[in-house]
2 protein chains.
Amino acid sequence: MNLSTSEENYIKSIYHLQLAADTSTGSVVNTNALAKQLNTKAASVTDMLKKLKTKKLIQYERYYGFKLNEKGTQTALSIIRRHRLWEYFLVSKLGFDWDKVHIIAEELEHVSSMELIKKLDTYLGNPKIDPHGDPIPDVNGRLPVIKQINLFMLPLKKTGIVSSVGNQSPQMLEMLKHYGIGIGSQIKINKVFDFDNSLEIKLVKQPACIISEQVAKNIFVYHD
Amino acid sequence: MNLSTSEENYIKSIYHLQLAADTSTGSVVNTNALAKQLNTKAASVTDMLKKLKTKKLIQYERYYGFKLNEKGTQTALSIIRRHRLWEYFLVSKLGFDWDKVHIIAEELEHVSSMELIKKLDTYLGNPKIDPHGDPIPDVNGRLPVIKQINLFMLPLKKTGIVSSVGNQSPQMLEMLKHYGIGIGSQIKINKVFDFDNSLEIKLVKQPACIISEQVAKNIFVYHD
DNA sequence: AAAAATTTTTAGGTTTGTCTAAATTTATTT
DNA sequence: AAATAAATTTAGACAAACCTAAAAATTTTT
Ligand SMILES: [Mn+2]
Ligand SMILES: [Mn+2]
Ligand SMILES: [Mn+2]
Ligand SMILES: [Mn+2]
């Protein structure tokens, strides 16, 4: 389809606003909200809406409202896929902290090679969840049903993959770095200590260690 | 400085044309050559030259000629650094073939985060040579002096890093893939067979194997 | 249902990077 | 030293993505 960076950003923003909208009322996104989200003016939004309509990515009738059609939705999911895969890469491979990656992924997501995303996905091990706990759409634009659970819910001796963390404060980051726990880490619970609910955990290539209930409560994992 | 993608592409092209130019004649780049390189028209080049002059990246006097000044040269080297690091990443981590990465790196090189390039460099192990055998400028814009040598010149039992390959035909690629040899591979020569000049080599995590003189001649390595 | 407030669109500009065609300047031939 | 050719620049336009200010449509209040 070959969309400009600007067109892609509009599509993505419409998608996110549609999701956030109260669907029960059947309401669609409004021009002002989109302008605000994209840090631009309502007049510019109207200009772009006309273009996106001629490109058959949205339904749009002036004054009436607008929303993504099937093609637009698939386009949005593909951009979001690229965004979240890059975020995953930046955290799990380059060692960025979670709070630094969104802004960089905003640029990387517009790099257009299909082959690149395919290979990146394979390289990362086909992750299903990004560093913020959001699902990564698959190649066909399907959002995975995520069985993300709290670390406490992981059965003993079963391997889970760390998928997100509830608290992203610098203090928490410091602790997790110390333990060597990051997004994508394979983690097992060896033992629960009933005294204080602390857990003995095991990470690959690391000796077992003990984490407090407070830390464990903030770690989410998924497993097959 | 915050340059647009277009400005960056001009700077980079001027740099490459200056290098290719015969410096003995003191000649500088000419407008038509730059237009051709950038797949645009001479008039567009003139427009951009004016802008690059006001941004103090080039010396330029109308009809007289133009060339990068110190600031422009440093800018070019920084873009080339990003380009080549991404190419290295695409080949060594994502498994792309050499002939596919340039076009993707042309997009990735414009992603502007300094921190990203710093971490990418570290992640890749501070490579000095890109998959095409071209030197990667360091953070300070210095081009490394490269001790790239033919594999035959590598002393027995010394580890070399595969830096480039003289023949990039699909046939060669097929062979190298079979042997598990790629850019960045750590390679050692165990033995030279005088009969046909074939080499027994050893790659990390792989059993020793033998390669023909013809293959070895096309492999270049560097070592401390 | 009229008035007021809000939302959305149009009208008319600006900036960036491009283009074609024409005018200048410089280089090369006669 | 002209004349001719080639390279370069200017003039004038265009598309994309913005903008401000004003007009039009819709929604909410009285
Ligand atoms: Mn994000
Ligand atoms: Mn995210
Ligand atoms: Mn290249
Ligand atoms: Mn290269």
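All of these numbers come straight from a predicted model, not from anything done at the bench.
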Remember a base hit wins even if backbone is also touched, and classify [X] as base, sugar-phosphate or nothing at under 4.0 Å, heavy atoms.
| X | result |
| --- | --- |
| A/Phe66 | nothing |
| A/Thr46 | base |
| B/Tyr60 | sugar-phosphate |

Atom [atom1] of [X] to atom [atom2] of [N]: distance rounded to whole Å?
| X | N | atom1 | atom2 | answer |
| --- | --- | --- | --- | --- |
| B/Met48 | D/dT9 | CE | C1' | 16 Å |
| A/Lys36 | C/dT6 | NZ | P | 14 Å |
| B/Asn39 | C/dC19 | CG | C1' | 13 Å |
| A/Glu61 | C/dT8 | CD | P | 15 Å |
| B/Leu49 | D/dA7 | CG | P | 16 Å |
| B/Asp47 | D/dT10 | CG | C1' | 9 Å |

Just to confirm, is there a sub-4.0 Å distance from OP1 or OP2 of [N] to any side-chain nitrogen or oxygen of [X]?
| X | N | value |
| --- | --- | --- |
| B/Asn30 | D/dT8 | yes |
| A/Tyr10 | D/dC18 | yes |
| A/Ser44 | D/dC19 | yes |
| A/Thr40 | D/dC19 | yes |
| A/Arg62 | C/dT10 | yes |
| B/Lys50 | D/dT10 | yes |

Name the closest nucleotide to the [X] side chain, picking from [options].
| X | options | answer |
| --- | --- | --- |
| B/Lys41 | D/dT9, C/dT9, C/dC19 | C/dC19 |
| B/Asn32 | D/dT9, C/dT9, D/dA7 | D/dA7 |
| A/Tyr63 | D/dA25, C/dT25, D/dT10 | D/dA25 |
| B/Ser6 | C/dA11, D/dA7, C/dT18 | C/dT18 |

Below 4.0 angstrom, N of the basic side chain to O of the carboxylate: do B/Lys12 and B/Glu109 qualify?
yes
Not counting sequence neighbours, which residues clear salt bridge (Lys or Arg N to Asp or Glu O under 4.0 Å) with B/Glu8? List them please.
B/Arg82
Distance, nearest 0.5 Å, that separates CZ of A/Arg62 from NZ of A/Lys53:
10.5 Å
Without swapping roles, check the side chain of B/Glu7 against the backbone of B/Leu52 for a donor-acceptor pair under 3.5 Å.
no
May I ask you to establish whether B/Lys93 and B/Tyr123 are in a cation-pi arrangement, using a distance under 6.0 Å from NZ or CZ to the six-membered ring centre and at most 45° from the ring axis?
yes
